[in-house]
Number of protein chains: 2
Amino acid sequence: MRSKEFEPDEIADAAMRVFWQRGYAATSIQDLVEGTGLSRSSLYSTFENKQGLYQQALRRYEAVTTANVELLSGAGSPRDLIRQLLVSVAEDELGDPQRRGCLVANATLELAGHDAAVAELVAHNFLRLQKALEKLILRGQQSGEVAAARNPRALARFFVNTLQGMRVLGKGSPLTQRSQCLMDVIDVALDTL
Amino acid sequence: MRSKEFEPDEIADAAMRVFWQRGYAATSIQDLVEGTGLSRSSLYSTFENKQGLYQQALRRYEAVTTANVELLSGAGSPRDLIRQLLVSVAEDELGDPQRRGCLVANATLELAGHDAAVAELVAHNFLRLQKALEKLILRGQQSGEVAAARNPRALARFFVNTLQGMRVLGKGSPLTQRSQCLMDVIDVALDTL
DNA sequence: TAGTTTTTGGAACGATCGTTCCTGATGAGT
DNA sequence: ACTCATCAGGAACGATCGTTCCAAAAACTA
């Protein structure tokens, strides 16, 4: 026997960064060879093919969702925690020189309509975020900080929707008013609480 | 002289439908030849190259934005008109067997971060919708139907954001609750008015 | 240390990519 | 009807696509 010389998760992380920046179709195997430092044969023997590597990369991206879920699960004012999440997304959109956006949003619009495996992976991400938001909003309603008139699940879905909208406008709204645009969105959205 | 045997706008429309369904990178010239009925040489002599054809297709998609702007410019309750727009997007996402979504949203996430020409085209679409919404919301505030506390431009941006979020969740949220998800989003968003 | 198994890098596969070019067909002008 | 500029179709370009294969290097077992 001979042991592997690399950690598959680390390779998937490296591939994730390549797909994140370029998208699926626009990324070539050569891009992935250079981005991961592995040869073609090692990539194929480990991940089967390009689709398999992409799906594994998408699974590794769940770590980003996990970080957001943990942010929302922390102590503090529910409204402030949600604002923190929204602001962090706005800052990411405005500050990332690579303009990658969110891999889940990118994967959704590029592939989820035609690829069932990708559709399931992105849906899982959305659901995890939705559940964390719902829990947090329920806590806010029970403490009286958030108006209890609304279904917390509906509010959670609304904020997931707002976040994904920001991923689109963060890339596509006119550059001169992009920052103001995202701030307006955050302020209006938070007023639903 | 010999006159053209086709109308460039109609060819661009046909190309638009192909790009709309497959995206930019995943669409081959062969797909466009079959989708437009034109030969390679005619496509290249008319639109220069694949990028040029895509940009022209994106310009033709402005007709969709125009239809939405006209909907918002019609008579009727501002809140109802906005609801109509949101519902029409939800119905499109739920009902389109091709699962195309919105070409502007697709173009934004796939290309706007790396392609300045595409970025300008999508920004123009967003701005047109934002202005129509702003005008409508202002009218609602003046008639007293909509609370006048908020900046109408901020509200307009918020609704553009909501619409684009729905384009993501319409493709990516779990299928079993997708319809309810979009309805929840619409209800919460409309309560900001 | 010799033997064995697995991984590795890179060459090479056919297919398809975006693009160009050439040829015959076409229709307007005289 | 003849000319001629311009058209459309499809063959063909080199490059690159995703994928496979193979020989050599490496590391564990005995």
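We name chains A, B, ... by the order of the sequence lines, and we start the count at 1 in each one.
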Within a 6.0 Å radius of atom [atom1] on [X], are there more than 12 heavy atoms belonging to other residues, nucleotides or ligands?
X         : atom1 : result
Glu145(B) : CD    : yes
Glu48(B)  : CD    : no
Gln30(B)  : CD    : yes
Arg153(A) : CZ    : no

Rounded distance in Å - CG (Leu43(B)) to P (dG9(D)): 10 Å
Phe6(A) atom CZ is separated from dT6(C) atom P, nearest whole Å, by 15 Å
Between Thr66(A) and Arg128(A), does any side-chain donor sit less than 3.5 Å from a side-chain acceptor? yes
For the helix from dG3(C)-dC28(D) to dT30(C)-dA1(D), what angle lies between the axis at the first five pairs and the axis at the last five pairs, to 10 degrees? 10°
Of Asn125(A), Val104(A), Val69(A), which is the lone residue that meets side chain to side chain contact (heavy atoms under 4.5 Å, CB included) with Glu62(A)? Asn125(A)
Salt bridge Asp96(B)-Lys171(B), side-chain N to carboxylate O under 4.0 Å: no
Output yes when Asp191(B) and Arg79(B) qualify as a salt bridge under the 4.0 Å nitrogen-oxygen rule, no when they do not. no
Answer with yes or no after comparing the ring centroid distance for Phe47(A) and Phe6(A) against a 6.0 Å cut-off, counting only values under it. no
Can you list, by residue number, the residues of residues 11-41 of chain A that have a non-hydrogen atom closer than 4.0 angstrom to DNA chain C? Ser39(A), Arg40(A), Ser41(A)
DNA chain C-proximal residues of residues 47-59 of chain B, any heavy atom under 4.0 Å: Asn49(B), Lys50(B)
Between Gln130(B) and Glu134(B), is a side chain to side chain donor-acceptor pair (under 3.5 Å) present by the stated rule, with each step listed? CA-CA 6 Å; Gln130(B) 178 189 310; Glu134(B) 182 179 348; 4.6 Å; no
